[in-house]
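A short write-up of the structure that comes next.
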There are 2 protein chains.
Amino acid sequence: MGGPSMLDHRTGNRRAPINLRTVIPDLCAKCEARHIGLCDSLCDEDLHFLANVGRQTTIAKGHGFVTEGDPARHFFNINRGTAKLYKDLPDGRRQITGFAGSGDFIGLAADTRYAFSAEAIEDVHLCRFDRTDLRAVFGRFPVIERRLLDVASHELIIAQEQMLLLGRKTAIERLASFLEVWHQRAAASPGQTQRLTLPMTRGDLADYLGLTIETVSRALSALRKQGVIAVAADHGVSVLQPARLAGIAQTVA
Amino acid sequence: MGGPSMLDHRTGNRRAPINLRTVIPDLCAKCEARHIGLCDSLCDEDLHFLANVGRQTTIAKGHGFVTEGDPARHFFNINRGTAKLYKDLPDGRRQITGFAGSGDFIGLAADTRYAFSAEAIEDVHLCRFDRTDLRAVFGRFPVIERRLLDVASHELIIAQEQMLLLGRKTAIERLASFLEVWHQRAAASPGQTQRLTLPMTRGDLADYLGLTIETVSRALSALRKQGVIAVAADHGVSVLQPARLAGIAQTVA
DNA sequence: CGGCTATTTGAGTCTAGTCAAAGCCTGTGG
DNA sequence: CCACAGGCTTTGACTAGACTCAAATAGCCG
């Protein structure tokens, strides 16, 4: 409280230019998500401008930060932690449309209002961007718009794969498909070889796969009894037979 | 046949510059899709350049024009007719991810290879664009890229709505949801008030809604017996009670 | 009219859902 | 350190909604 103030003494403006060029870019340069997701497509110079319109925030586990139907004012870029994106029916049925983790961009599925809700399932660190501001940045940095189009295209591919899963796969095929994707994602990142940490509950998994908690549990047990996976006490899952998992998942490509 | 030739007499080249500026823009200007979809975002001047990279084609009913897994070389813009977009499992199960009609843009759900297949369910007139060429156009006409991002965003919203349908709705809710969307789309376009023409078969409908042909037929009969819709001999469907249809569909917004 | 396909309807089966209970893990407080 | 409360997960028994198999019906095109 007694330390150096970030307020500009002359104007009293918390967002004076001097801060933009020194403090904020440094925040971005040292950000844990500097080289993943949206920011990876920018050079350090361009990052200044993105920082200008973004603001780092933390969302505690269990707290929502987007509500379906609300005016869509922001985009979000996750730096750390995991969030679930979902849609609800009036009677309480829920469909989780995706899980967003480090580097993922959130908010494209919106017109004037959000088409989905979002809630942190772990503590989440994210950057919040004003939609209007970000659109204004497009003109100056078309690379960002290009990147968003790529992100949207990729999300469309994922969404169509999920439609195939929800419309045509059996319970065990759905779970195997999910584990395979999660397994590949983990394999891409450095660290442990094949032990997966699933941050979501069985209930989240059920809402994602279009099943009930009980069916998810039974499918997990079935895969375990077949020796395809091992389930630890802390919910960690190890893939013992990736090839068989892929076979059960009915993966095409 | 005896009229003025489109060939340039001096060069014999069918694609001489003189033709680009006169004949092709005329094709576009008179196109049935001039004021819908992608082309609506362009002024007549800009249309010249789009025409330069596009090529009109006709796909006969029942013929495929995109195959999942093939190298993604083109985008498509439908001028007339309807196509189904789908993904298949090795054992023949199929999920239709969407129906594309006049003005709809196809091809965003692709990285280096198409993530879906497409087949005409009516005779389809479309414009085919080379992906590389179109990307080159972005630099010159950012409005096109902006438009594509909007299209992608809208498709994401639709896709998430479809996930909710496939994962959490009952058979009759799925059919009612489909009819409601189709009804609203028809209401937006001029012409008959509430009589819907469904160009797809019951099989296509089943593959779109994640059901079987029999279940789709039974759900239609149920809605008919409740007096919500009327089904004509030629597959035409009239919505008699839109409010009840929406209620059954569990529409949120 | 006759063959073909698409659709509707019926009867029985099965996968996943519902309801219920037991087990397990975590965190808290004595 | 242990007991207990609470939530999450697993497992079991039964039900229900959608699927499968089968047959009848209705359009459609030559």
Side-chain angles (χ1 to χ4, degrees), chain A residues 61-62 84 89 91-96 119 121-122 165-179 196-226 229-237 248 250, chain B residues 60-62 84 89 91-96 121-122 165-179 196-226 229-237 248 250:
Chain A
K61 175 176 177 173
K84 61 182 175 189
L89 288 174
D91 62 6
R93 282 175 284 174
R94 170 170 295 182
Q95 181 63 42
I96 292 181
E119 179 183 316
I121 61 177
E122 299 174 298
L165 180 151
L166 293 170
R168 290 306 187 203
K169 289 188 180 178
T170 65
I172 199 164
E173 287 168 354
R174 295 183 198 198
L175 187 65
S177 299
F178 168 79
L179 289 175
L196 311 179
T197 306
L198 304 181
M200 67 292 289
T201 66
R202 296 285 185 271
D204 290 335
L205 221 32
D207 286 339
Y208 181 58
L209 299 176
L211 302 169
T212 58
I213 291 177
E214 295 92 328
T215 300
V216 169
S217 184
R218 280 186 250 271
L220 271 170
S221 296
L223 287 176
R224 181 167 43 76
K225 284 169 186 164
Q226 291 177 36
I229 62 171
V231 182
D234 65 341
H235 292 189
V237 172
I248 294 170
Q250 295 278 336
Chain B
K61 174 177 177 174
K84 60 181 175 190
L89 287 175
D91 62 6
R93 282 175 284 175
R94 171 170 295 181
Q95 180 63 42
I96 292 180
I121 61 177
E122 301 174 297
L165 180 151
L166 293 170
R168 290 307 186 203
K169 289 188 179 178
T170 65
I172 199 164
E173 287 168 354
R174 296 184 197 197
L175 187 65
S177 299
F178 168 80
L179 289 175
L196 312 179
T197 306
L198 304 181
M200 67 292 290
T201 66
R202 295 284 184 273
D204 290 335
L205 221 33
D207 285 338
Y208 181 59
L209 299 176
L211 301 169
T212 59
I213 291 177
E214 295 93 327
T215 301
V216 169
S217 183
R218 278 185 251 270
L220 271 169
S221 296
L223 288 176
R224 180 166 45 75
K225 284 169 186 164
Q226 291 177 36
I229 62 171
V231 182
D234 65 340
H235 290 190
V237 171
I248 295 171
Q250 294 278 335

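Order of the sequence lines fixes the chain letters, A, B, ..., with proteins taken first and strands second; residue numbering starts at 1 for each chain. Just so it is clear, the values below take in all heavy atoms, side chains as well, and ignore hydrogens, waters and symmetry mates. Computed from a predicted model, the values in this text were never measured in an experiment.
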- Query: Would a distance-only check, ignoring hydrogens and angles, find a side-chain to backbone donor-acceptor pair under 3.5 Å from A:Arg174 to A:Lys169?
  - Reply: yes
- Query: Within a strict 4.5 Å, meaning less than it, do heavy atoms of the B:Ile248 and B:Gln226 side chains meet?
  - Reply: yes
- Interatomic distance where NZ belongs to A:Lys61 and P belongs to D:dG7 [whole Å]: 14 Å
- Can you check side chain to side chain contact (heavy atoms under 4.5 Å, CB included) on A:His235 and A:Leu198, steps first, answer last? CA-CA 7 Å; A:His235 292 189; A:Leu198 304 181; 5.5 Å; no
All N/O pairs under 3.5 Å across the protein-nucleotides 21-26 of chain D interface:
from, atom 1, to, atom 2, distance (Å)
D:dC21, N4, B:Glu214, OE2, 3.0

- Task: Round to the nearest Å and state the distance from A:Leu166 atom CG to C:dT15 atom C1'.
- Result: 16 Å
- Task: Ignoring hydrogens and angles, tell me if any N or O in the side chain of B:Ser177 forms a donor-acceptor pair with the backbone of B:Glu173 under 3.5 Å.
- Result: yes
- Note on the structure: To the nearest angstrom, the CZ-C1' distance between A:Arg93 and C:dT18 comes to 15 Å
- Task: Say whether B:Arg224 and B:Ser221, considering side chains only, have a donor N or O and an acceptor N or O under 3.5 Å apart.
- Result: yes
- Whole-Å distance separating the CZ atom of B:Arg168 from the P atom of D:dA18: 14 Å
- Item | Residue that, paired with B:Gln95, satisfies side chain to side chain contact (heavy atoms under 4.5 Å, CB included) out of B:Leu89, B:Leu209, B:Leu166 | B:Leu166
- Message: Distance check needed: C:dT15 C1' versus A:Lys169 NZ, whole Å only.
- Response: 18 Å
- Can you tell me how far C1' of D:dG7 sits from NE2 of A:His235, to the nearest Å? 11 Å
- Task: Answer yes or no: is there a side-chain heavy-atom contact under 4.5 Å between A:Ile121 and A:Thr201?
- Result: no
- Query: Checking side chain to side chain contact (heavy atoms under 4.5 Å, CB included) for the pair A:Arg168/B:Asp207: CA distance, chi angles, key distance, verdict?
  - Reply: CA-CA 9 Å; A:Arg168 290 306 187 203; B:Asp207 285 338; 2.9 Å; yes
- Item | Within residues 199-213 of chain A: residues closer than 4.0 Å to DNA chain C (heavy atoms) | A:Gly210, A:Leu211, A:Thr212
- Query: Checking all strands, does B:Arg224 fall into the base, sugar-phosphate, or nothing category for heavy-atom contacts under 4.0 angstrom?
  - Reply: sugar-phosphate
- Atom-to-atom span, CG of B:Leu220 to P of C:dA6 - whole angstrom: 17 Å
- For D:dC19, does OP1 or OP2 lie under 4.0 Å from any side-chain N or O of B:Thr215? yes
- Item | Contact nearer the 5' end of DNA chain C, comparing A:Asp234 with A:Val216 | A:Val216
- Task: Let me know the distance between CD1 of B:Ile172 and P of D:dA16, rounded to the nearest Å.
- Result: 18 Å
- Pick from A:Val237, A:Val231, A:Leu175: which one makes a side chain to side chain contact (heavy atoms under 4.5 Å, CB included) with A:Leu223? A:Leu175
